Asks: 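Structure in structure tokens, see below.
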Amino acid sequence: MNQRHLLPPGGGPAARSGHRPAAGFAARTVGGLTGRAITVAAGRAAEPGGLRFTERQLYYETCRVLSPGSAFLRGRIAGTPAPVLRLPAFTRALDELGRASVPGLLPPPVAPPARPSRPEGAERSEGPEPDLYDYGLPRLLLCQSRSIAGMLLANHIHLEAACPVLAADDALPLDPRMTAALERAGGATVHVLHDASPAGVALPARVRATLGPLSGVRVVSLGLVPRHVASLRLPTGRGPRPGPAGLGALPAALRPGEADWLAGGRFAEVAAVPPARLLRTVLRLTKGPRPPRDSLWSGLRGLRGTGFMTWPAA
């Protein structure tokens with residue numbers, strides 16, 4: 001946490017009265033302020049309609065509560081500010097508050113069990129509806145983060161977008177029946193939601209390589225990329241600089257400034273996007289553009305080129 005969130009030295013009432021504060025007073029004060037900020041942040045993250053959110057999303061929302069100016073600057077001044085609250089301090093405050101007392105907070109994700117191998121030619125019998133894969137699958141969403149995939153599922157994005165949501169590490173390589181369903185749909189799209197990090201921006205290419213030559217199946221990145229991070233003013237971190245292999249895996253479509261940003265070890269997480277905005281964006285991009293709403297005028301315009309009662313030319 002920045003020093004501006006701490007009490008100034010010598011400025012408290014105990015210091016003015018000549019009594020030394022008890023050990024840990026500042027830490028307890030900061031912890032109490034952080035706990036109250038977490039409570040406010042949880043209410044904001046759940047809006048509208050009681051959304052579910054991950055612990056990391058709650059962390060970034062707490063940073064926005066402690067830095068109210070970031071909401072005003074977001075979308076107006078490009079930049080990538082550092083988080084105003086250190087993650088260990090947030091974790092301690094959340095432990096003291098109690099995770100069970102935070103409405104909407106999802107539990108940590110659990111990795112699914114490893115898929116058992118089966119002999120060549122053996123019938124696959126697991127699953128209540130084995131004929132589900134006999135239909136075409138027009139779209140699929142793969143998430144780099146298992147937590148984000150669970151958050152999207154908890155908020156029913158897979159139902160609204162009619163799009164299965166899977167974590168990339170758990171789903172790759174895809175079940176052969178799923179790849180066949182993608183190919184059967186004709187023009188199917190595999191959407192990839194990833195962090196703005198060297199491993200994240202390289203994930204779509206890894207998905208393409210894993211899928212192999214599937215006829216008519218596109219792999220599309222939903223982001224994040226560094227340009228999104230700057231425009232949204234998302235908090236960023238800095239990790240180890242990628243090696244030659246990591247730099248070589250960066251997409252050629254990146255702008256030079258974006259490649260330099262990633263080469264410096266900078267990164268931003270999808271979890272830094274406000275939950276409601278993330279859900280709206282994923283839903284809009286996976287479903288595609290909305291069909292035009294029927295109205296009297298759209299119907300009249302459609303009559304100009306159809307049937308024998310066409311719009312008069314003169």
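Computed from a predicted structure; not experimentally measured.
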Asks: Give, for atom CG of Leu66 and atom OG1 of Thr34, the distance between the pair rounded to the nearest 0.5 Å.
Replies: 6.5 Å

Asks: Is a side-chain N or O of Glu258 found less than 3.5 angstrom from the main chain of Arg255, in a donor-acceptor match?
Replies: yes

Asks: Please report the closest heavy-atom contact between Ser221 and His194, naming both atoms and the distance.
Replies: OG-NE2, 2.7 Å

Asks: So how far is it from Thr281 OG1 to Leu222 CG, rounded to the nearest 0.5 Å?
Replies: 9.5 Å

Asks: Where do Ile148 and Cys143 come nearest, in terms of heavy atoms and distance?
Replies: CG2-SG, 4.5 Å

Asks: Assess whether salt bridge (charged side-chain N to carboxylate O under 4.0 Å, His left out) is satisfied between Arg64 and Glu61, documenting all intermediate values.
Replies: CA-CA 5 Å; Arg64 283 188 281 271; Glu61 194 64 41; 2.9 Å; yes

Asks: Could you name each residue pair satisfying side chain to side chain donor-acceptor pair (under 3.5 Å) that touches residues 144-154, not counting sequence neighbours?
Replies: Arg146-Asp170

Asks: How far apart are the closest heavy atoms of Glu269 and Asp195, and which atoms are they?
Replies: CA-OD1, 3.5 Å

Asks: I'd like to know if Val273 and Trp261 are part of one continuous hydrophobic network [Ile/Leu/Val/Met/Phe/Trp/Tyr, side-chain heavy atoms within less than 4.5 Å].
Replies: yes

Asks: Taking atom CZ as the centre, does Arg241 end up with more than 12 heavy-atom neighbours from other residues, nucleotides or ligands that are less than 6.0 angstrom away?
Replies: no

Asks: Can you tell me if Asn155 uses its side chain to pair, donor with acceptor, with the backbone of Ile157 under 3.5 Å?
Replies: no

Asks: Given salt bridge (charged side-chain N to carboxylate O under 4.0 Å, His left out), test Lys287 with Glu160 step by step and report yes or no.
Replies: CA-CA 9 Å; Lys287 290 185 67 173; Glu160 292 191 55; over 6 Å; no

Asks: Within the distance-only criterion (no hydrogens, no angle test), does the side chain of Tyr59 pair as donor or acceptor with the backbone N or O of Ala272 below 3.5 angstrom?
Replies: no

Asks: Which heavy atom in Ala37 sits nearest to a heavy atom in Thr62, and how many Å separate them?
Replies: CB-CG2, 3.9 Å

Asks: Go through Leu193 and Leu224 one step at a time and tell me if the side-chain contact (heavy atoms from CB on, under 4.5 Å) criterion holds.
Replies: CA-CA 7 Å; Leu193 181 64; Leu224 293 171; over 6 Å; no

Asks: Out of curiosity, Leu94 CG to Ser101 OG, how far, rounded to the nearest 0.5 Å?
Replies: 7.5 Å

Asks: If you round to the nearest 0.5 Å, how far is OG1 of Thr179 from CZ of Arg177?
Replies: 10.0 Å

Asks: Locate the shortest heavy-atom distance separating Ala268 from Thr236; write the atom from each residue and the value.
Replies: CB-CG2, 4.0 Å

Asks: Side chains of Arg139 and Thr286: is there a donor and an acceptor less than 3.5 Å apart?
Replies: no

Asks: Work out which heavy atom in Leu262 is nearest to a heavy atom in Pro242; give both atom names and the distance.
Replies: O-CD, 3.5 Å

Asks: Do Phe267 and Val270 share a hydrophobic cluster, counting only Ile, Leu, Val, Met, Phe, Trp and Tyr and linking them when any side-chain heavy atoms are less than 4.5 Å apart?
Replies: no

Asks: Is there a continuous path of hydrophobic side-chain contacts, each under 4.5 Å between heavy atoms, that joins Val229 to Leu254?
Replies: yes

Asks: Between atom SG of Cys163 and atom CG of Leu137, what is the distance when rounded to the nearest 0.5 Å?
Replies: 7.5 Å

Asks: Is there a path of hydrophobic side-chain contacts, each under 4.5 Å between heavy atoms, that joins Val282 and Leu279?
Replies: yes

Asks: Please check this pair: side chain of Glu55 against backbone of Leu105, looking for a donor-acceptor N/O pair closer than 3.5 Å.
Replies: no

Asks: Rounded to the nearest 0.5 Å, how far does CG of Leu166 lie from CG of Leu141?
Replies: 8.0 Å

Asks: State plainly whether one hydrophobic cluster holds both Val40 and Leu51, where clusters connect Ile, Leu, Val, Met, Phe, Trp and Tyr through side-chain heavy atoms under 4.5 angstrom apart.
Replies: no

